[in-house]
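No experiment lies behind these values; they were computed from the predicted model shown. A, B, ... follow the sequence lines: proteins, then strands. Residue 1 opens every chain. Excluded from the calculations below are hydrogen atoms, water molecules and symmetry mates; all remaining heavy atoms, backbone and side chain alike, are included.
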There are 2 protein chains.
Amino acid sequence: MKRNSRLSLALHTLSHMAGEPDRMRTSSDIAEHARTNPVVVRRVLGKLREAGLLTSEKGHSGGWQLAKPASNITLADIYLALDERLVSAGNKDAEPSHCTVESGLQTRVGEVLDEIENSLVARLSETTIADVHPASCSYCGSK
Amino acid sequence: MKRNSRLSLALHTLSHMAGEPDRMRTSSDIAEHARTNPVVVRRVLGKLREAGLLTSEKGHSGGWQLAKPASNITLADIYLALDERLVSAGNKDAEPSHCTVESGLQTRVGEVLDEIENSLVARLSETTIADVHPASCSYCGSK
DNA sequence: CAGTCACGCAACTTATTCAGTTACTAGAAA
DNA sequence: TTTCTAGTAACTGAATAAGTTGCGTGACTG
């Protein structure tokens, strides 16, 4: 795959699920649709389950389902569940610099990036899975 | 270094320059402050020069300078100059899917990610280098 | 003019990340 | 008991990007 594939895969899968919330999907089904591998799917969806967005069941007729209505799942939920930090890179080691100006500036740059990161999450929280795949979707026979 | 290092390096360097706009800085100076390599610095700053944010001069007393006032350089300018696409991953190959629902959904997911990307750039355009390193910076003797 | 300094650039090396893959275990239903 | 599915660990391979080396080019200096 390519960059941002986790977020893209999650978004894709959950949007699919939003179309038929009652259907149980196996990781193989999902992987086939997303053109990837069942293990990769389980890895990504596992994070979403930990965050309470999905449920999974083992055994016959097992698989994955949304844990709550699509309109209650925002892109921020997904983003945070995946531990993505696209902008601020999670305030690294930050070994203190020799120079005071340097140190102060490093801190300031980190602050600014954090602010941007927060803005991004705020923006993501304004869109739900239901917005990505509206009930009026012309491709789905609404069942 | 680590992830997002280009954006971080650029931000750091330009903020530094904002403190003393008239000073000519060599890539070695900058690399030392940023704890990295002169060639890496030139690679990143070269992109910013292409975008008209910086100027560079060869030879004795050569180096790098801001091409315009710090308050006229936004984070979006930097972000775009670096060709970063943190969110939308730049609408890849997109081989058409067999399935109509699939294809429509892929398109839709791409649209959503593009919208988020645009929001991010809009947010970045609200902050300038001067905001990152204000003239009132307590660390710098304002000269 | 010769020497030095700095950018420009290409090529290579190294480290990291992550998707992909294989193989196995555990649990639930038929 | 068989089968189907998730869960997980371990490994592989590709891609990305930083780091490094070396050399060319242009500009200032003495």
Among C/dC18, D/dT5, C/dG8, which is the nearest nucleotide to the side chain of A/Ser5? C/dC18
Quick one: A/Asn4 CG to C/dC18 C1', roughly how many Å, whole number? 12 Å
Distance in Å, A/Leu48 CG paired with A/Arg6 CZ, rounded so as to fall on 0.5 Å steps: 11.0 Å
In whole Å, I'd like the distance from the CD atom of A/Glu84 to the P atom of C/dT17. 14 Å
What integer distance in Å separates B/Leu7:CG from D/dA17:C1'? 15 Å
Sequence neighbours excluded and cut-off under 3.5 Å, please list the side-chain donor-acceptor pairs for residues 64-80 of chain A, or say none.
residue, atom, partner, partner atom, Å
A/Gln65, NE2, A/Asp22, O, 2.8
A/Thr74, OG1, A/Ala76, N, 3.3
A/Thr74, OG1, A/Asp77, N, 3.1
A/Thr74, OG1, A/Asp77, OD2, 3.3
A/Asp77, OD2, A/Thr74, N, 2.9
A/Tyr79, OH, A/Leu86, N, 2.8
A/Tyr79, OH, A/Glu117, OE2, 2.5

Ignoring backbone atoms, test whether A/Ser56 places a side-chain nitrogen or oxygen under 4.0 Å from the OP1 or OP2 oxygen of D/dA6. no
Which of C/dG20, C/dC7, D/dA18 is nearest the side chain of A/Thr36? It is C/dG20
Dump the pairs, protein N or O against N or O of nucleotides 1-4 of chain C, anything under 3.5 Å, distances to one decimal.
residue, atom, partner, partner atom, Å
C/dT4, O2, B/His60, NE2, 3.4

Rounded interatomic separation in angstrom, taking CG from B/Leu86 and C1' from D/dA17: 14 Å
Measure NZ/B/Lys58 against P/D/dT29 and give the value in whole Å, please. 17 Å
Which of residues 38-52 of chain A have a heavy atom under 4.0 Å from DNA chain D? A/Val39, A/Arg42, A/Arg43, A/Arg49
B/Glu32 CD to C/dA6 P: how many Å, rounded? 12 Å
Carboxylate-amine/guanidinium proximity below 4.0 Å for A/Arg108 and A/Glu111: yes
For D/dT5, does OP1 or OP2 lie under 4.0 Å from any side-chain N or O of A/Thr26? no
Short question: side chain of A/Ser8, backbone of A/Asn4 - any donor-acceptor pair under 3.5 Å? no
In whole angstrom, give the distance that lies between atom CD of A/Glu57 and atom P of C/dA29. 8 Å
Figure out the CG/P separation between A/Asn37 and D/dG13, and round it to whole Å. 16 Å
Could you state whether B/Val39 and B/Leu82 fall into the same hydrophobic cluster, counting links through intermediate Ile, Leu, Val, Met, Phe, Trp or Tyr residues with side-chain heavy atoms under 4.5 angstrom apart? no
